[in-house]
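Right, one structure below, let's go through it.
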Amino acid sequence: MGKLDGRSALVTGGSRGIGRAIVLRCAQEGADVAINYASNEDAAREVSEEVAKLGRKAEIYQADVSDQATCEQMCEKAIDDFSGIDILVNNAGIGSSAVNRPTISESTIAQWQLLLGANLWGPIHMCRALVPHMREAERSDVIMISSVAAQSMGARMGTYSVGKAGMEALAHTLAQEERSNGMRVNIVAPGLVDTDMGRKLISLLTGNDDMRLRDADAPFGFVCTPDDIAASVVHLCSEDGRYITNQRITVSGG
Ligand code: NAP
């Protein structure tokens with residue numbers, strides 16, 4: 001018996017990295033999964049085939065989460081395809097490296113719009129579109145994949161940290177508004193994780209994207225894997241997490 005038997009999850013940015021690991025963990029634990037991606041259809045299709053091999057239903061949905069109308073169309077289609085969604089994982093995101101880590105004074109409005117579009121407006125659009133439907137389930141879960149950056153507020157991370165801090169405010173507010181509807185809302189905040197985004201960041205900082213060179217300096221002797229993040233997500237959404245809401249779980253090795 002899986003920890004998520006009978007559940008249906010929508011994971012934004014499920015085609016690669018942390019989102020991919022969350023999709024596969026959810027499916028391993030018995031959930032059907034709606035997989036959102038931005039542009040990498042081959043990767044999304046590969047993940048959906050892995051889900052099918054696990055005996056679970058998967059559908060893929062191309063949608064830029066920064067676009068309200070596109071999010072609404074995707075959510076309507078997913079609700080229809082899966083006869084309801086009761087887990088939303090707001091995972092899709094863009095790192096500060098994508099805009100070359102500008103300082104606040106160097107940053108352009110276009111850079112802010114790109115990062116806040118995916119990292120803050122995305123979760124807002126997804127919650128507005130899905131939460132009213134998710135109330136129909138006896139239990140539902142919203143997970144926000146934030147970052148330690150929302151607390152450390154490091155230099156040259158502003159375009160990213162501001163969005164993640166906003167996403168966390170969204171989670172804390174939603175948790176209180178929807179508790180009486182059976183909805184649990186929690187934040188999972190990773191440190192550095194071995195993904196395309198993580199490699200791009202260390203490449204910019206050190207000139208080398210080989211994550212294995214970072215292992216010796218990482219807590220416990222290895223850089224966090226996407227599956228370490230997915231494990232926390234499944235725990236929160238499972239029966240084991242039924243009394244946990246409005247919390248921030250930092251998965252960074254301390
Ligand atoms: P990644 O390897 O770069 O993968 C990003 C995923 O998000 C891909 O599936 C991508 O789709 C999707 N995506 C990007 N922009 C999108 C948009 N506008 N609309 C829809 N989908 C979009 O990133 P990751 O490292 O797995 O990061 C996942 C989440 O964890 C992000 O929110 C990130 O901020 C957070 N995080 C990561 C780290 C880290 O070190 N990696 C640390 C802390 C927090 P395509 O495949 O179609 O491009």
Side-chain angles (χ1 to χ4, degrees), residues 2-67 70-71 73-83 85-95 97-98 117-119 122-123 125-126 130 141 143-145 147 188 190 192-203 209-212 222-235 237-238 251:
K3 290 182 175 180
L4 301 179
D5 281 346
R7 309 285 301 269
S8 296
L10 192 161
V11 181
T12 66
S15 48
R16 290 186 287 124
I18 293 170
R20 180 182 191 279
I22 294 169
V23 168
L24 295 180
R25 270 268 182 164
C26 286
Q28 282 158 8
E29 293 295 344
D32 294 331
V33 196
I35 303 164
N36 158 253
Y37 66 101
S39 58
N40 201 333
E41 183 175 340
D42 287 348
R45 208 165 285 289
E46 185 269 334
V47 185
S48 77
E49 284 165 9
E50 290 299 311
V51 172
K53 281 186 206 158
L54 292 164
R56 303 314 319 165
K57 176 183 165 84
E59 298 285 347
I60 64 172
Y61 303 88
Q62 191 284 323
D64 178 348
V65 294
S66 68
D67 186 82
T70 313
C71 282
Q73 284 158 16
M74 168 172 66
C75 291
E76 267 176 40
K77 181 87 171 52
I79 287 165
D80 205 37
D81 290 345
F82 289 84
S83 304
I85 296 288
D86 56 21
I87 298 173
L88 165 62
V89 184
N90 280 310
N91 163 79
I94 300 178
S97 314
N119 298 343
H125 295 323
M126 292 302 297
L130 268 186
D141 292 80
I143 303 287
M144 307 284 187
I145 305 298
S147 165
V188 175
L192 179 66
V193 184
D194 190 355
T195 67
D196 293 340
M197 184 189 293
R199 284 184 287 275
K200 188 155 188 198
L201 177 65
I202 63 152
S203 173
D209 73 353
D210 184 352
M211 206 54 103
R212 298 290 65 82
F222 61 92
V223 172
C224 184
T225 69
D227 206 43
D228 292 306
I229 309 303
S232 290
V233 172
V234 165
H235 173 73
C237 296
S238 74
V251 185

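Everything quoted here is computed from the prediction, not taken from an experiment.
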S66/D64 under side chain to side chain donor-acceptor pair (under 3.5 Å): CA gap, chis, key distance, verdict:
CA-CA 5 Å; S66 68; D64 178 348; 2.8 Å; yes
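- Every residue meeting the side-chain contact (heavy atoms from CB on, under 4.5 Å) condition with I79, not counting sequence neighbours, appears here in chain and number order: I85, L130, H133.
- Annotation for V11 and V33: closest pair CG2-CG1, 4.0 Å, computed over non-hydrogen atoms.
- D86 meets the side chain to side chain donor-acceptor pair (under 3.5 Å) test with R7; sequence neighbours excluded.
- Among residues two or more places apart in sequence or in another chain, the side-chain contact (heavy atoms from CB on, under 4.5 Å) test is passed with M197 by Y160, T195.
- Evaluation of the side-chain contact (heavy atoms from CB on, under 4.5 Å) rule for S203 yields D209 as partners, not counting sequence neighbours.
- You'll find the side chain of L10 reaches within 4.5 Å of the side chain of M126, heavy atoms only.
- Qualifying side chain to side chain donor-acceptor pair (under 3.5 Å) partners for S8, counting only residues two or more places apart in sequence or in other chains: none.
- Counting only residues at least two apart or in different chains, side-chain hydrogen bond (donor to acceptor under 3.5 Å, both in side chains) contacts with residues 49-58 comprise D32-R56, E50-K53.
- Judged as a side chain to side chain donor-acceptor pair (under 3.5 Å), and not counting sequence neighbours, Q62 has no contacts.
- Here the closest heavy-atom approach between residue C237 and residue D141 is recorded as CA-OD2, 3.6 Å.
- Of all non-hydrogen atoms in N119 and A92, the two that sit nearest each other are OD1-O, 4.2 Å.
- With sequence neighbours left out, E41 forms a side chain to side chain donor-acceptor pair (under 3.5 Å) with R45.
- Here A43 pairs with S15, R16, N40 under the side-chain contact (heavy atoms from CB on, under 4.5 Å) rule; sequence neighbours left out.
- At distances below 3.5 Å, not a single donor-acceptor pair connects side-chain atoms of N90 with backbone N or O atoms of G122.
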